[in-house]
2 protein chains.
Amino acid sequence: MSESVVLDTVDLHILRLLQNDARTTYREIAAEVGVAASTCLDRVARLRRSGVILGHQLRLDPAKLGRGLQALLSVQVRPHRRELIKPFVERIRGLPESRSLFHLTGPDDYLVLVAVADTADLQRLVVDEFTSRPEVARVETRLVFQQWDCGPLMPPSSAIPPATRS
Amino acid sequence: MSESVVLDTVDLHILRLLQNDARTTYREIAAEVGVAASTCLDRVARLRRSGVILGHQLRLDPAKLGRGLQALLSVQVRPHRRELIKPFVERIRGLPESRSLFHLTGPDDYLVLVAVADTADLQRLVVDEFTSRPEVARVETRLVFQQWDCGPLMPPSSAIPPATRS
DNA sequence: CTTGAAATCTTCTAATC
DNA sequence: GATTAGAAGATTTCAAG
């Protein structure tokens with residue numbers, strides 16, 4: 001299902017440009033990469049079909065939407081059994097405050113990134129949606145001072161094939 | 001700089017649709033929301049100018065790009081002084097393995113989400129780029145079993161104004 | 001905010017390599 | 001099989017009301 005895909009330099013160039021700005025037009029990409037616009041369309045369609053491209057997402061500023069405070073909640077769910085964790089995950093994903101959720105190794109099972117209005121809002125969230133729940137054994141809250149997104153996601157250089165594609 | 005912005009129901013409706021799929025056309029949005037396409041264009045341009053919309057991003061599957069393993073690294077930087085942390089942050093952001101970086105409250109100063117090929121790659125990364133660095137006092141590594149993105153980011157209902165905008 | 005027209009972009013087809 | 005150029009169809013964008 002999630003096997004690695006063979007990408008040539010054209011695919012990589014297109015991905016780099018689109019990661020920089022997902023609204024870049026096929027004409028611009030074509031001019032930059034040096035192929036026809038219809039080829040770019042083809043390549044992007046293939047990258048979508050093969051699952052490399054999962055979707056196009058809008059990045060919003062939580063602070064501008066009245067959610068100026070972000071926090072990471074480390075959560076222990078006990079007992080850690082399927083019939084308990086599935087509803088837990090679905091409930092957390094559905095919270096309007098949740099931004100992303102990780103299932104991790106280590107003593108803390110889950111890490112939840114939340115965006116809230118202020119510390120009072122955070123307290124309400126932690127108490128009402130986490131610590132007061134029977135399946136939640138422990139919650140550790142850390143505030144986010146600052147967050148950075150990193151460079152484009154690229155395959156390791158060892159994974160880049162020498163020249164042509166299959 | 002990051003003050004909250006007044007959004008009416010049209011803005012919110014547009015944001016919800018675009019967060020669902022950032023490639024939704026203005027015609028579709030217009031039909032759904034019940035305004036003219038040019039109004040949608042206007043609204044989106046305004047949301048961009050006001051900083052609510054930070055950009056359009058392509059979501060990629062790391063596993064398909066030969067980075068099938070993700071991990072979270074909790075890092076203590078000592079001493080925690082500006083002249084040390086700025087280059088640290090810039091270096092981490094520049095690593096091809098880094099996906100996002102958080103500066104946090106609590107004993108661990110930074111949390112880094114990284115995507116690597118396998119555990120050998122992760123070990124190399126941790127040793128070469130973290131533990132062997134003089135400013136890095138401690139690193140704790142946790143693997144990501146699974147990750148979920150949560151629902152659209154929306155303002156708290158208390159922040160939604162009654163009817164009209166300025 | 002809307003309409004409607006102009007400019008641009010996407011997408012398809014047929015032909016080529 | 002992949003790519004191209006060009007045409008046809010959509011979409012975006014602008015000007016005017």
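Source: prediction; values computed, not measured. Order of the sequence lines fixes the chain letters, A, B, ..., with proteins taken first and strands second; residue numbering starts at 1 for each chain.
Looking at B:Asn20 and B:Pro152, their side chains never come closer than 4.5 Å, going by heavy atoms from C-beta outward. Using a 4.5 Å heavy-atom cutoff, the side chains of B:Leu104 and A:Leu72 are in contact. Residues A:Val52 and A:Asp11 are not in side-chain contact: their nearest non-hydrogen atoms beyond the backbone lie 4.5 Å or more apart. Side-chain contact between B:Val33 and B:Thr39 is absent, with no heavy-atom pair separated by less than 4.5 Å.
Between A:Val112 and A:Ser98 the shortest heavy-atom distance is CG1-OG, 4.0 Å.
In this structure, B:Leu18 atom CG and D:dT12 atom P are separated by 10 Å, rounded to whole Å. When the P atom of C:dA14 is taken as reference, atom CG of A:Asp42 falls 16 Å away, rounded to whole Å. A straight line from CZ of B:Arg43 to P of C:dT2 spans 9 Å, rounded to a whole angstrom. Separating the CG atom of B:Leu41 from the P atom of D:dA10 is a distance of 20 Å, rounded to the nearest angstrom.
Taken residue by residue, residues 52-60 of chain A places no heavy atom nearer than 4.0 Å to DNA chain C. Near DNA chain C, defined here as any heavy-atom distance below 4.0 Å, the residues from residues 25-38 of chain B are B:Val35, B:Ala36, B:Ser38, listed numerically.
Residues passing the ring-ring contact (aromatic ring centres under 6.0 Å, His included) test with A:His103, sequence neighbours excluded: A:His80, A:Tyr110, B:Phe145.
In this structure, A:Arg133 does not pair ionically with A:Glu135, as no charged nitrogen and carboxylate oxygen lie closer than 4.0 Å.
Of the listed residues (A:Val35, A:Ile14, A:Val10), just one forms a side chain to side chain contact (heavy atoms under 4.5 Å, CB included) with A:Ile29, and that residue is A:Ile14.
Checked against D:dA2, D:dT4, C:dC1, the side chain of B:Arg46 finds its nearest nucleotide in C:dC1.
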